[in-house]
Amino acid sequence: MEGYNHREIEEKWQEKWALDGIYKVPDTEAGKNNFYQLVEFSYPSGNLHTGHWYAFAVPDIFARYKRMQGLNVLYPMGFDAFGLPAENAAIKNGGDPAEWTERQMEAMRTQLRSMGASFDWSREVVTCAPEYYKWTQWMFNQFLKNDLVYRDITMVNWCPKDQTILANEQVVDGKCERCGTEVVQSEQQQWMLRITKYADRLVDDLDKLDWPEEIKSAQRNWIGRSEGSEITFKLSTDDTVSVFTTRADTLFGVTYIVFAPEHPLLEILPIENRDEVNAYVVATKKKQELERQQSKEKTGVQLKGITAINPANGEEVPVWIADYVLSGYGTGAVMGVPQHDERDREFAEKMGLAIVDRPLVDKKEITEKVGGKLVKTYRLRDWGISRQRYWGCPIPIVYDPEGKAHAVPDEHLPWLLPTDVDHTPDGTAPLARSKELLERTEKIFGAGWRPEVETMDTFVDSSWYFYRYLDNKNEATFASPEKMDTWMPVDLYMGGAEHTTMHLLYSRFWTKALHDLGLVKDSEAYKVRRNRGLILGPDGNKMSKSKGNVINPDEYVERLGADTVRMYLAFMGPYGVTVNYPWDPNGVVGVRRFLERVWKLKAKIDVEKKVCKTDPLVHKTIKGVGEDIDEFKFNTAIAKMMILLNALEKEEKIVLGSYKALLKLLSPFAPHIAEELWHELDETESIHLASWPTYNTDFLIEETVTLAVQVNGKVRGEITIAPDIAKEDIEAAALALPRVIAIVAGGQPKKIIVVPKKVVNIVF
RNA sequence: GCCGGUGUGGCGGAAUGGUAGACGCGAUCGACUCAAAAUCGAUUACUCGCAAGGGUGUGGAGGUUCGAGUCCUCUCUCCGGCACCA
C-alpha cells in the first residue's frame, strides 16, 4: 500500500464525484424526508479565503451526515454576483463588470470544488443573471402593486467615494462599510420598501423561531419598538403639536416642549426671534449626524412668543428647539420632563427651565383623558433600495413625459441592464449615460419616456435566492409552488453574525411580503439559524493584509490536503456559536497526523478476526459522534474518533467491521481519504452513498464501572465494581479502601451517598 | 447607559450537579539516527514532598448542596448589538 498522498486522491475523487453526479439532489426521493441546509452564498471575489472554508466546508460535514442518515439533503451554492467590486474593477482597469464577474465566478467554482463539498451545482443561482433578476424585478412589481414600494425624498447616507446611497446598516461608525469613507447626509429621492409595515411581525415572530437569543435580541434592538403615547399640545397660536412619549405617566411634570430643528411647524409659526431660530437651524444642518450624536452638549433656542398648553393641567409652558431631539423618531417633538428624564434635566438646568416634582399617574388613563392615543414607534426605517450604480439589478420603472413613474410591465422583464455604459464615475448614475436603455424605453413606451437609472441594493437580490435554488431553471415563475412545498422552510441556515440585522432581517421581511401576496406558504423562511464565529490569524487578530497574519487556505490544501483543512476547522471548537478561533499552524498538523494514522491502521485489518476488545468502544464512538454532530460539536466528534483510533492502534489486529465503521464516521469530515480507503477495501459504491453506521446497545452495557470514592466531598480513591452491585456492597467496598480507613480511623460515617456509576461520598 | 454573549492549563478547547482539564497543539525526557526531520514510547494544571501522600485550583465575593466550572445573589473583564430613540 502506498502512503497517504492527498494531492492524488483528492483530485481523483473530486472528478469522479462530479462525473457520477452523486450530489445531484432530486426534489423528492421515495422513502426519504427532505432536508434543506443553507449557507449564505458569497460574493464572487475570485479569492476563496479561510472564512469561506469555515462557512462552507464545515457545514458540509453536517450535510453529509444528514445524507448518510437517510435524508434527501439539499446543500446548494451560488453567487451574490451584483455589487460594487465588479464595477470598481471596471473603473480601475477598464472592461466589463459582467465579464469580470464571470471570471471571478469561474475561479471560485474551481476553488470551491477543492473543498470537496457536496454542493449540488446543477442548482447554482447567480443573482446577476437576467434569468434570475427577471424575478427580482417581477417581485418588485408585485410589491409596487401592493403598496410595499414607494418613492420618497429622504435624508440619505451618501458615500462620496462610491457615489452611492447607503442603508443605515451599511454605515459603520459614520463611515462607508465598504470603503471607509466618511458618509455624508444628503436629501435625495429614492425607491423605498415598506419594511416598517412589518416591524411588529418581525419582532413578534422571533418568539416562534429556534434561533439563538443573541440573534433575536440584536434584531429586536435594531427594530427598536417602543410603546408609548402620542399626546397633542395646543400652542398659543392655535396650532397644535404632537409629542411621543413612553412616559405619559409624567405628563404633569412637563415644563417645556422641544422641537427637532427640522420640525415642519417651525416654518409657519410666528416666531418673534425668527433670525436667531433660523441661524440655529442652519447651524444644525451643517453638523453631520455623527457630530451631532457625539457632542452631547445640550444646545437650543427658545421660540419667543410661542407657548404650549399642557392638556393635563392647562399649564402654559415655553417651546424650544434643540438638536437633541431627533426629527426621524417619534413625532420629532418631545415634552420636557426634567424631573424624570436625564436629558431633559440636563437641558433644563443649562437653559434655566423649571424642574417640578409632580405625582405620577396611570399611563393609559392619562393618555385617554387628554385625548391622546397609545402608539408604537420604531427605530427601524423603511428600506431605501436605490443605488446610483451600474452593476446592480435595474429598477424596472419608466417615467412618462410628465415625469410620472410607471412599472415596466411584466412582459418586458427582465428589464435588462444595458451594456453601453462608460464606467468612469462623474457623480451621476451610470445608466443615465446609456443610449441603449433610453432607446429601448422610447421604443417600447413612446417618445419622451425616460428610464429609471437607479439600480437596486444588492440586499434585494439576496432576499429571495433560497427559493430559486429549488427551481433555478423555471421560466414561468420564480419557483414552482410544488417544489417550494417539498423544501421550504429552510431546515438549517448557517451564516455570519454580520448579517444579523441586514440580510437576515431583509429576507425575513421579503418572505413575509411574499407570503402576504400569496406567493409563498410560510411567513418565516428559516426554521433554525446558527451564526458562526470568525477564524482569526495565528496572532489572535482578525486576518488582514496589513497585519500580515492572513492564512491562505490554498497553501494548506496543497501541503496537507483539503481533508485536513476541513477537519482542522471543525476541530477548533464548537460550530454555530459566535466565538472566534485563532488558526494554529501547528494544530492543523495534528489533524493531518490523525489522518495518516487512519491510513496506516488499514494494515492491521485481519479479515479472519471477528471480535476484538475494542468492539464496545466502536459502538460507543458511533453513538457519541452522531450525537455530537447533531449539536454542531464537530470538535468533540473528532476527539471521539481520535480516542477510537488510539485504542485500535494498540491492538495487534483489528476487525474489518471496526475499520469500516471508523471510515464511515470519518467520511463527512474527510470525504476524500475516507472514499479512497473505502474503495481499497474492495467496496465499489461511494462511501458517501452509504448509510450512517448504527450501534448495538448490547455493546454499550459496561461490565465494570469505576466509581470515585470521596470523603467529605474530596476524592480519596476509586473502586471498580460490577455496575449492578447492591448499594450496601458499594458502601462496604468504599469503606474498605485503605486510604478511607486511614481517614475515617474507626469513626462512624454520618451518611454515605451512592450515585450509581459515578461516585460514593462518605460524609464523616 | 440598555440588551445579548463570554471568562477553565503555556495554547485551541472537554466536562446530563458527581473523579475538572477529554482530544489536539506545544513543551520535557527516552527509543530509532552519524545527526536532524519524521515516527514511536513516557511525562506534562499549580504547589509542598526523596517518596508515600498532602494542599490549592474553572475572573472575584457570598450562598444552596453530601458534592458546584455547572444552580442562586452580588460583582468584575472582554466581545457583540443599540444608544441624546424621549
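Values below: all heavy atoms of this structure, side chains included; hydrogens, waters and symmetry mates excluded. Chain naming here is simple, since letters A, B, ... match the order of the sequence lines and numbering starts at 1 in each.
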Residue whose nearest RNA chain B nucleotide is more 5′ - A/Lys640 or A/Tyr581 =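 Nearest-nucleotide comparison on RNA chain B picks A/Tyr581.
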
When you match A/Thr331 and A/Lys757 each to their closest nucleotide on RNA chain B, which lands nearer the 5' end?
-> A/Lys757

A/Ile643 side chain, from C-beta outward: closest of B/A86, B/G12, B/A22 |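 So the nucleotide nearest the side chain must be B/A22.
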
Please determine, for the side chain of A/Ala639, which listed nucleotide (B/U39, B/C23, B/C66) has the closest atom?
-> B/C23

Give a yes-or-no answer on whether the side chains of A/Tyr378 and A/Asp200 include a donor-acceptor pair shorter than 3.5 Å.
->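 Looking only at side-chain atoms, A/Asp200 and A/Tyr378 do form a donor-acceptor pair, the distance falling under 3.5 Å.
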
Touch class at under 4.0 angstrom, heavy-atom based, for A/Arg345 against every strand present | nothing

Would you indicate what A/Glu214 reaches in the nucleic acid, counting non-hydrogen atoms under 4.0 angstrom: base, sugar-phosphate, or nothing?
-> sugar-phosphate

For atom CD of A/Glu342, decide whether the heavy atoms of other residues, nucleotides or ligands shown that lie under 6.0 angstrom number more than 12.
-> no

Quick check: are there more than 12 heavy atoms from other residues, nucleotides or ligands sitting under 6.0 Å from NZ of A/Lys376?
->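 Yes, the 6.0 Å shell around NZ holds more than 12 heavy atoms from other groups.
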
Please state whether the phosphate of B/G54, meaning OP1 or OP2, lies under 4.0 angstrom from any side-chain nitrogen or oxygen of A/Arg716.
-> yes

Round to a whole Å and report the spacing from CG of A/Leu617 to C1' of B/C23.
-> 13 Å

If you measure from the C1' atom in B/A45 to the same atom in B/A22, how many Å do you get, rounded?
->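 Pairwise C1' distance, B/A45 against B/A22, rounds to 14 Å.
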
Note: A/Glu346-A/Lys350 ion pair, threshold 4.0 Å (strictly below) |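 A/Lys350 and A/Glu346: not salt-bridged.
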
Taking atom types as they are modelled, is there a donor-acceptor pair under 3.5 Å from the base of B/C66 to the side chain of A/Asn761?
-> yes

Determine if the base of B/G67 is syn or anti; take syn to mean the glycosidic torsion is within 90° of 0.
->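 You should classify B/G67 as anti.
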
